[in-house]
2 protein chains.
Amino acid sequence: MINLSYTEENYLKSIYHLSKGGKLDVSTNAIADYQKTKAASVTDMMKKLASKNVVDYQKYKGVNLSEKGKKEALVVIRKHRLWEVFLVEKMKFNWDEVHDVAEQLEHIKSPLLIKRLEEFLGYPKYDPHGDPIPDENGAYKAKPQVPINEVEIGQEGIVVAVKDSSSPFLQYLDKIGTYIGAKIKVMDKVNFDGSNEILIDNKRTISISKQVSENILISES
Amino acid sequence: MINLSYTEENYLKSIYHLSKGGKLDVSTNAIADYQKTKAASVTDMMKKLASKNVVDYQKYKGVNLSEKGKKEALVVIRKHRLWEVFLVEKMKFNWDEVHDVAEQLEHIKSPLLIKRLEEFLGYPKYDPHGDPIPDENGAYKAKPQVPINEVEIGQEGIVVAVKDSSSPFLQYLDKIGTYIGAKIKVMDKVNFDGSNEILIDNKRTISISKQVSENILISES
DNA sequence: TACATAATTTAGATTAATCTAAAAATATTT
DNA sequence: AAATATTTTTAGATTAATCTAAATTATGTA
């Protein structure tokens, strides 16, 4: 592992996310928007990262991670997600409180600490949002996403996606207090019409129709 | 609390330590040596910190912490020591492995995290080196330092000081593998001559004379 | 007290990361 | 394919933290 600054690590992480794991090239503007910085700053940084051989960059052609850069990005993501588990499980943080702190903790440099932290947490495979935690080699497996109607009574999980992304549907979800990241527990299933009773964020229990439950994908915990 | 950079926090911490808690004025050179930087850099930073009202500084007259600066320094020290306890107690670090990591962790900004961490660790009063952990208000009490000959059999602690600091004595201590920070367990006391059998760093058991045991101060754990 | 020595500050540069505004390259549209 | 719009890069400045070398102030000693 090379010695990268906090800032450089953040750029690599952004490129990783924007390129969906290194699959597609990322534009200067996309990075600038994502990081809330300016395109000119991104160009400068891409030159620097290219000279360190962590990205492949050609003027005007976009950028992507090199193998080396991908590894570095995955280490940071691994750390971020392990710290999130720590914050929720051990420090009793709520989901919406973890992000800012994990953004800081992910840059702590100590391979030993991460090893021990992982052990301490019982080798978790997913973070509190349902995102997979890469192992030391960067390998991970996405958690299966299942529609609510296929979930057993009593099971819970996090909303990770929707099948129907039409405006009326999204508005309906908003109305019932459901969003990507919401915690859902299936309380009951009505055989008669296939509707479900779900508990949202441990707060409100509501009933949703079969049609709705088929279109909300959750990642079980 | 003001928003201070990582660097500014380190300067405040150094001044706190060098001034023994704000008691005496600190010279530019002392800070430069302590931080392994140059005097000119210190002067620049002192101007900056003075403008933020965290230090009292007058050209050529040395510097000390203002009340505000003292509070900030104590927050950082509190965080450092809590993290050290975490690393040793929960992450199974050895004493000599904690410092560098705690230096990084002490700058994490999250009052909630520190509150929860303290609770999680059971409100420890001292860090693994025997140094006191300030509470939220910055209050702390130094741990009593007792000579080895006054310690009960079976008790253990950390070497925190010596009464005799003559060169021959220090050389003797070095020879038997004892140093500030060493872990000592009193295994036996011989009534006949007042000598003690002590276990050093859980490694070697040796016998020391009454005279020696009177001159080594430990902080019990 | 005056001189030499040591400590401290100033002046001017440097590096990393950022920015704005202008120039250049690429994409899109007619 | 030419004209226009968008994206990206370059040029030049800025800020925080640092440095070296020179100038200034303080201290110690004869």
Side-chain angles (χ1 to χ4, degrees), chain A residues 1-16 18-19 24-65 69 72-73 76 103-104 106-109, chain B residues 1-16 18-19 24-65 69 72-73 76 103-104 106-109:
Chain A
M1 302 286 103
I2 331 154
N3 218 45
L4 297 170
S5 72
Y6 183 111
T7 311
E8 291 168 332
E9 285 187 346
N10 280 337
Y11 273 97
L12 293 183
K13 205 173 44 135
S14 298
I15 297 168
Y16 186 88
L18 290 167
S19 69
L24 38 117
D25 283 0
V26 181
S27 75
T28 304
N29 265 352
I31 297 169
D33 287 355
Y34 194 77
Q35 302 240 23
K36 284 175 187 162
T37 181
K38 294 293 142 68
S41 311
V42 175
T43 301
D44 287 347
M45 185 54 87
M46 291 312 109
K47 286 182 192 165
K48 193 178 173 194
L49 292 176
S51 82
K52 293 193 176 191
N53 298 311
V54 287
V55 302
D56 297 320
Y57 167 69
Q58 279 175 279
K59 270 191 192 181
Y60 298 104
K61 303 276 176 176
V63 71
N64 214 321
L65 298 173
E72 296 285 351
V76 179
E103 285 291 294
Q104 298 176 61
E106 72 187 7
H107 300 292
I108 301 292
K109 288 190 192 340
Chain B
M1 303 284 104
I2 330 155
N3 218 46
L4 297 169
S5 72
Y6 184 109
T7 311
E8 292 168 331
E9 286 187 346
N10 279 337
Y11 272 97
L12 293 184
K13 206 174 42 134
S14 298
I15 298 169
Y16 186 88
L18 290 168
S19 69
L24 39 117
D25 283 0
V26 181
S27 75
T28 305
N29 265 353
I31 297 169
D33 287 355
Y34 194 78
Q35 301 241 25
K36 284 174 186 164
T37 182
K38 295 293 143 72
S41 311
V42 176
T43 301
D44 287 347
M45 185 54 88
M46 290 312 109
K47 287 181 191 166
K48 193 177 170 194
L49 291 176
S51 82
K52 292 191 175 191
N53 298 310
V54 288
V55 301
D56 297 320
Y57 168 68
Q58 278 174 279
K59 271 192 194 183
Y60 298 102
K61 304 275 174 175
V63 70
N64 213 322
L65 298 172
E72 296 285 351
V76 179
E103 283 293 293
Q104 299 177 59
E106 72 188 6
H107 301 292
I108 300 292
K109 287 188 191 346

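Values below: all heavy atoms of this structure, side chains included; hydrogens, waters and symmetry mates excluded. Every value quoted in this text rests on a predicted model; they were computed, and no experiment measured them. Order of the sequence lines fixes the chain letters, A, B, ..., with proteins taken first and strands second; residue numbering starts at 1 for each chain.
If you check every strand for non-hydrogen atoms under 4.0 Å, B:Thr7 touches sugar and phosphate atoms only. A:Tyr11 comes within 4.0 angstrom of sugar-phosphate atoms only, judged by non-hydrogen atoms across all strands, and of no base.
A straight line from CG of B:Asn3 to P of D:dA16 spans 13 Å, rounded to a whole angstrom. B:Leu49 has its CG atom 12 Å from the C1' atom of D:dA16, to the nearest Å. Here the P atom of nucleotide D:dA16 and the CG atom of B:Asn10 are 18 Å apart, to the nearest Å. Between the C1' atom of D:dA16 and the CD atom of B:Glu9 lies a distance of 16 Å, rounded to the nearest Å. Rounded to an integer number of Å, the gap from A:Lys38 NZ to C:dA22 C1' is 16 Å.
Residues A:Leu49 and A:Met45 meet the side-chain proximity criterion, which asks for heavy atoms closer than 4.5 Å. Residues B:Leu12 and B:Val76 have side chains not in contact (no heavy-atom distance under 4.5 Å, counting atoms from C-beta outward). Side chains of B:Ile15 and B:Met46 form a contact here, defined as non-hydrogen atoms less than 4.5 Å apart. At a threshold of 4.5 Å between non-hydrogen side-chain atoms, the residues B:Asp56 and B:Asp25 do not count as touching.
Among all heavy-atom pairs drawn from B:Val26 and B:Ser19, the shortest one is CG2-CB, 3.5 Å.
Within the 4.0 Å cut-off from OP1 or OP2 of C:dT18, not a single side-chain nitrogen or oxygen of A:Thr37 is found.
Ion pairing of A:Lys13 with A:Glu72 is absent here, as no side-chain N (NZ or NE/NH1/NH2) approaches a carboxylate O to less than 4.0 Å.
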Expected string for nucleotides 4-10 of chain C under the B/S/- scheme (protein heavy atoms, under 4.0 Å, primed atoms plus P, OP1, OP2 as sugar-phosphate) is ---SBBB

